[in-house]
Amino acid sequence: MADDSSSSSTSATSAATKTEEKKSWADEAEDEAASATSAAAAEAEQPEELKKIETLSISDEKKEEGGGRLLEDPDDSEIKAETSGDTVYTSAVSFEDLSLSKELIKGLYVEMNFTKPSKIQAITLPMILTPPYLDLVAQAHNGSGKTTCFVLGMLSRVDPSQKTPQAICICPTRELAQQNQAVLMKMGKYTGITSFCAIPQDSANYIPITKCPPVTDQVVIGTPGTIKKWTSAKKLGTRDVKILVFDEADHMLAEDGFKDDSERIMKEIRRSSASCQVLLFSATFNETVKAFVSKVVIGGNKIFVKKEELTLEKVKQYKVQCPDELAKMDVIKTKIFEFGQKVGQTIIFVRTRNTASMLHETLRGEGYECTSVHGAQKQEDRDRIIKEFKDGLTTVLITTDLLARGFDQSQVNLVINFDLPVKYESPSDPDCEVYLHRIGRAGRFGRKGVVFNLLCTDRDKMIMEKIERHFNHFVKEVPNWRSDDDFEAAFKEAGLL
DNA sequence: AAAAAAT
């Protein structure tokens with residue numbers, strides 16, 4: 001649409017593909033917005049949900065000086081947030097409490113259809129938007145509205161009249177970068193703010209970076225390697241950057257994730273723009289990353305959630321004991337395709353790219369309609385398959401952990417772990433963080449969802465037990481993998497049939 | 001050659 005393309009960047013990444021892309025993401029964002037209201041309602045129904053966010057300050061010195069302020073909560077006086085420094089934050093009851101520009105308020109109500117801030121938004125937005133703009137690390141449940149927190153942060157800290165990059169957001173996958181940019185453009189539609197998506201270009205319309213004009217958009221969203229490429233080519237200035245966001249921050253700062261890239265980018269930006277505010281958002285922070293993160297945001301505000309309280313109650317989890325791999329296939333064909341069609345869209349997670357293609361081929365060969373997406377495919381193919389799924393043209397999507405994090409499609413009610421997520425270094429241990437992110441693809445904004453973990457070996461069984469123990473959450477077993485009735489009962493229990 | 005990014 002004309003509006004969209006004029007407000008977005010025309011630089012580098014294919015303008016044509018992007019515009020097309022944006023339309024699909026934007027359509028989706030409407031659904032997301034609509035469900036935000038129901039999320040608020042869902043939260044209201046369930047008061048114990050409110051106790052889930054536990055905030056704490058790790059900066060001891062500051063706490064003594066500032067005296068550890070209490071944060072007022074609009075919904076529940078039992079929530080106490082200790083913050084760092086002297087600033088007193090008042091949780092936002094409405095978006096009007098945040099002294100946002102009227103253009104931004106209009107975007108929130110008209111474009112996003114939001115009515116009031118979600119829990120995490122109410123708590124973090126004042127922290128993000130109140131001087132002296134302390135750093136923030138915030139953990140909140142999957143689908144609770146974290147994106148809005150940092151997108152709103154970026155949009156309101158940026159000066160639209162100044163044609164230089166002032167906000168940068170770094171994401172682990174190009175899909176997530178694009179999704180976040182789409183949300184930003186939609187929310188900021190009336191602000192005149194423009195954005196640039198710094199992700200690898202598709203081979204078809206590759207332009208060497210030396211031929212690209214420097215970035216003049218106020219907001220840059222992208223993946224680590226490409227951001228680095230643009231800055232070192234001196235095409236992306238970091239002098240005026242006021243706010244730096246890491247989405248899926250635990251992964252961005254993990255040793256086996258993007259730690260080196262992230263640290264380098266953070267250092268460089270802090271060198272050229274010392275007062276830059278750093279925001280770290282994720283649904284998961286394991287102990288190792290948490291310890292490291294606390295060193296990065298010294299004196300900042302910190303919000304963490306206990307791991308036992310992170311599992312989404314509205315997403316029912318099951319395990320299915322299958323005698324062999326063939327039985328797993330059979331469950332997909334006779335149960336998942338049968339019931340899945342009735343309850344919305346389905347994502348099937350597998351461990352490797354290879355399994356993704358093979359499973360796809362096998363199912364398609366037998367007439368089951370599905371698509372697959374993973375990192376070995378061409379960029380343009382990935383874009384197309386994601387768009388088809390977002391547009392609802394396809395209902396079953398097979399994927400790797402490419403889509404484990406952040407992928408937001410509210411119609412996804414069914415998630416299958418064809419393979420359980422395991423740690424690369426120790427394949428008999430589960431990757432509990434990835435597990436949580438995967439199941440979080442269902443149940444967006446407090447919706448109902450169901451997850452089936454297909455187990456086949458004793459090792460699978462043991463890994464599943466470890467996951468249950470980690471989250472202190474019992475996962476029910478589907479008694480008989482052959483039984484339609486057992487599956488039907490599971491779907492019904494999850495509230496989906 | 002585990003997913004991902006990117007060289």
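Values in this document were obtained by computation on a predicted structure and should not be read as measured data. Note that these values count all heavy atoms, side chains included, but never hydrogens, waters or copies made by symmetry.
- Going from atom CG of A:D202 over to atom P of B:dA5 covers 14 Å, rounded to whole Å.
- Taking CZ from A:R438 and CD1 from A:I416, the interatomic distance works out to 11.5 Å, rounded to the nearest 0.5 Å.
- OP1 or OP2 of B:dA4 has at least one side-chain nitrogen or oxygen of A:T400 nearer than 4.0 Å.
- What separates CD1 of A:I463 from P of B:dA2 is a distance of 16 Å, to the nearest Å.
- Between A:R353 and B:dA1 there is no side-chain N or O to OP1 or OP2 distance below 4.0 Å.
- Between the P atom of B:dA5 and the CZ atom of A:F246 lies a distance of 17 Å, rounded to the nearest Å.
- To the nearest angstrom, P of B:dA1 lies 17 Å from CD of A:E425.
- Distance A:Q379 CD to B:dA5 P: 7 Å, rounded to the nearest Å.
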Check the pair A:E388, A:T394 against side chain to side chain donor-acceptor pair (under 3.5 Å), reporting the backbone distance first and the verdict last.
-> CA-CA 6 Å; A:E388 286 169 356; A:T394 54; 5.1 Å; no

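- Residues from residues 252-261 of chain A placing a heavy atom under 4.0 Å of any atom in DNA chain B, listed by number, are A:D256, A:F258.
- Across all strands, A:P172 comes closer than 4.0 Å only to sugar-phosphate atoms, never to a base (heavy-atom distances).
- Nucleic acid contact for A:K228: none, since no nucleic acid atom lies under 4.0 Å from a heavy atom of the residue.
- Counting any heavy atom pair closer than 4.0 Å across all strands shown, A:H251 reaches a base atom.
- Distance, A:D431 CG to B:dA4 P: 14 Å, rounded to whole Å.
- Using a 30° and 60° split on the angle between ring planes, A:Y368 and A:F337 fall in the tilted class, from 30° to 60°.
- Partner of A:D429 under the salt bridge (charged side-chain N to carboxylate O under 4.0 Å, His left out) criterion, out of A:R469, A:K423, A:K466: A:K466 alone.
- The pair A:E338-A:K335 does not meet the salt-bridge criterion, since no charged nitrogen lies less than 4.0 angstrom from a carboxylate oxygen.
- Rounded to whole Å, atom P of B:dA3 lies 19 Å from atom CD of A:E248.
- Distances were taken from every side-chain heavy atom of A:D401 (C-beta onward) to each of B:dA4, B:dA3, B:dA2; the shortest belongs to B:dA3.
- Taking the six-membered ring for Trp and the full ring otherwise, A:F452 and A:F487 have centroids separated by under 6.0 Å.
- Residue contacts for A:R382: at a heavy-atom cut-off of 4.0 Å it reaches the sugar-phosphate backbone alone, with no base atom in range.
- Whole-Å rounding puts the A:F349 CZ to B:dA3 C1' distance at 11 Å.
- Side-chain atoms of A:R382 and A:H374, non-hydrogen and from C-beta on, never get closer than 4.5 Å to each other.
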